[in-house]
Protein chains: 2
Amino acid sequence: MVSTVLGSGAMDNPPIVTVLDRAGYRLTEPRRSLAALIAGREGHFTATELVTEARARRLGVGRATVFRTLDMLAELGAVERLDLPSGEHAYVVCEPAHHHHVVCSRCGRSDEIDDTGLRKVVREVARRTGYRVDEHRLELFGLCPACLAGQPGPTRGVA
Amino acid sequence: MVSTVLGSGAMDNPPIVTVLDRAGYRLTEPRRSLAALIAGREGHFTATELVTEARARRLGVGRATVFRTLDMLAELGAVERLDLPSGEHAYVVCEPAHHHHVVCSRCGRSDEIDDTGLRKVVREVARRTGYRVDEHRLELFGLCPACLAGQPGPTRGVA
DNA sequence: GGCCCTGTTGAGACATGGTCTCAACTGTGC
DNA sequence: GCACAGTTGAGACCATGTCTCAACAGGGCC
């Protein structure tokens with residue numbers, strides 16, 4: 001697991017199956033398989049990647065089910081949907097609390113960041129524009145410490 | 001024109017045709033038509049909306065040309081591409097300088113905001129995570145002052 | 001065990017948004 | 001007029017995501 005929440009220390013996410021269970025969803029075989037697949041992922045992944053991997057591992061999980069499960073998990077806050085600069089949609093496993101991500105353009109690693117400083121920016125924007133700001137999204141892209149140090153890693157099409 | 005840049009005062013954008021001209025692109029008839037269409041827009045708009053409007057006005061401008069022109073203008077910084085919470089992509093006319101937008105979920109109006117406060121947040125994230133942050137995107141959604149005051153306006157599918 | 005009901009499933013059709021290709025056209029310089 | 005590069009629209013194509021539908025699964029009840 002790569003993702004960590006800055007400011008809240010190293011806190012393991014509850015397993016995805018637990019999140020589903022608690023929310024009252026049935027723990028069916030396809031959902032278990034997908035949960036395992038997602039939990040084994042590092043950094044961000046796309047729905048299509050998940051479909052491909054499920055097919056490669058002969059999990060017998062359909063495309064619709066992958067999208068449905070991801071929607072469900074996004075709603076429960078167990079994963080978050082990102083819009084990459086390339087226009088692709090990606091998902092990352094994350095804490096349910098409100099936060100944002102910084103994504104490595106090279107290896108796809110993503111780290112969570114809390115929005116302490118950002119809250120002030122949002123308040124200031126609301127004050128200056130007169131808007132009532134209901135929702136905000138911040139996404140940061142760059143190079144993670146490992147890639148900066150020149151460690152080899154797979155290139156992900158982020159930028 | 002709805003968009004304004006906070007912190008830089010009311011500064012009219014150079015006309016889109018001027019932006020194209022300066023960048024060395026030819027000012028063809030389809031581009032002029034599209035520029036006029038875009039300039040007449042308030043708030044954000046999608047590529048598909050533009051295609052539909054061009055067709056309705058019998059401008060004889062094809063889908064590919066609309067996408068190509070929008071790409072071109074986005075590259076030149078004359079429009080900016082937004083990812084709405086619904087997953088749609090939209091564009092807004094804007095200043096070439098780096099900035100962000102706050103978008104009204106009700107009427108589609110968008111205002112520009114500079115990123116003075118945000119720069120500090122980004123620096124802080126870089127310091128805490130060890131990432132080198134190359135790119136960041138901030139999008140705010142809510143209700144504009146007019147909609148807050150209860151003025152009637154078209155509902156846009158933003159949230 | 002048998003039945004019913006609801007939730008869930010995969011397959012595939014479909015919608016949407018965007019890109020690519022290609023032949024035709026256009027404008028510009030000579 | 002000619003050559004050439006830039007630009008065009010039409011339409012094929014692709015990627016991503018949604019919707020529909022019949023089949024299935026599993027829990028509760030008899």
*Asks:* Taking atom C1' of dG17(C) as reference, at what distance in whole Å does atom CG of L50(B) sit?
*Replies:* 14 Å

*Asks:* Out of dT20(D), dG18(C), dT8(D), which nucleotide sits closest to the side chain of R81(B)?
*Replies:* dG18(C)

*Asks:* Would you kindly give the CG-to-C1' distance between L70(A) and dT18(D), to the nearest whole Å?
*Replies:* 14 Å

*Asks:* Expressed as a whole number of angstroms, how long is the span from F45(A):CZ to dT16(D):P?
*Replies:* 15 Å

*Asks:* Taking C-beta and beyond as the side chain, do Y25(A) and M72(A) meet within less than 4.5 Å on heavy atoms?
*Replies:* yes

*Asks:* Side-chain N or O of T48(B) less than 4.0 angstrom from OP1 or OP2 on dG17(C)?
*Replies:* yes

*Asks:* Are any non-hydrogen side-chain atoms of T46(B) and E49(B) less than 4.5 angstrom apart?
*Replies:* yes

*Asks:* Under 4.0 Å between a side-chain N/O of T28(A) and OP1 or OP2 of dG26(D), yes or no?
*Replies:* no

*Asks:* Kindly determine whether H100(B) and H136(B) satisfy ring-ring contact (aromatic ring centres under 6.0 Å, His included), including the steps that lead there.
*Replies:* CA-CA 10 Å; H100(B) 304 281; H136(B) 64 269; 5.1 Å; yes

*Asks:* Determine whether V125(A) and V122(A) make a side-chain contact, defined as any pair of heavy atoms from C-beta on separated by less than 4.5 Å.
*Replies:* no

*Asks:* With no angle test and no hydrogens, is the base of dG11(D) tied to the side chain of R63(B) by a donor-acceptor pair under 3.5 Å?
*Replies:* no

*Asks:* Rounded off to whole Å, could you give me the CZ-to-C1' distance for the R68(B) and dC22(C) pair?
*Replies:* 11 Å

*Asks:* Taking only the side-chain nitrogens and oxygens of H89(B), find out if one of them lies under 4.0 Å from OP1 or OP2 of dG17(C).
*Replies:* no

*Asks:* Quickly work out the E29(B) CD to dA24(C) C1' distance and round it to whole Å.
*Replies:* 18 Å

*Asks:* R26(B) or A64(B): which one's nearest nucleotide on DNA chain C is closer to the 5' end?
*Replies:* A64(B)

*Asks:* Determine the contact category for R31(B): base if any of its heavy atoms lies under 4.0 Å from a base atom, sugar-phosphate if only primed atoms, P, OP1 or OP2 are that close, otherwise nothing.
*Replies:* sugar-phosphate

*Asks:* Send over the distance from L27(A) CG to dG7(C) P, rounded to a whole Å.
*Replies:* 16 Å

*Asks:* To the nearest Å, how far apart are F67(B) CZ and dA10(D) P?
*Replies:* 15 Å

*Asks:* Are I38(A) and L70(A) close enough that some pair of their side-chain heavy atoms sits under 4.5 Å apart?
*Replies:* yes

*Asks:* Using whole Å, what does the distance between atom P of nucleotide dG12(C) and atom CZ of R55(A) come to?
*Replies:* 10 Å

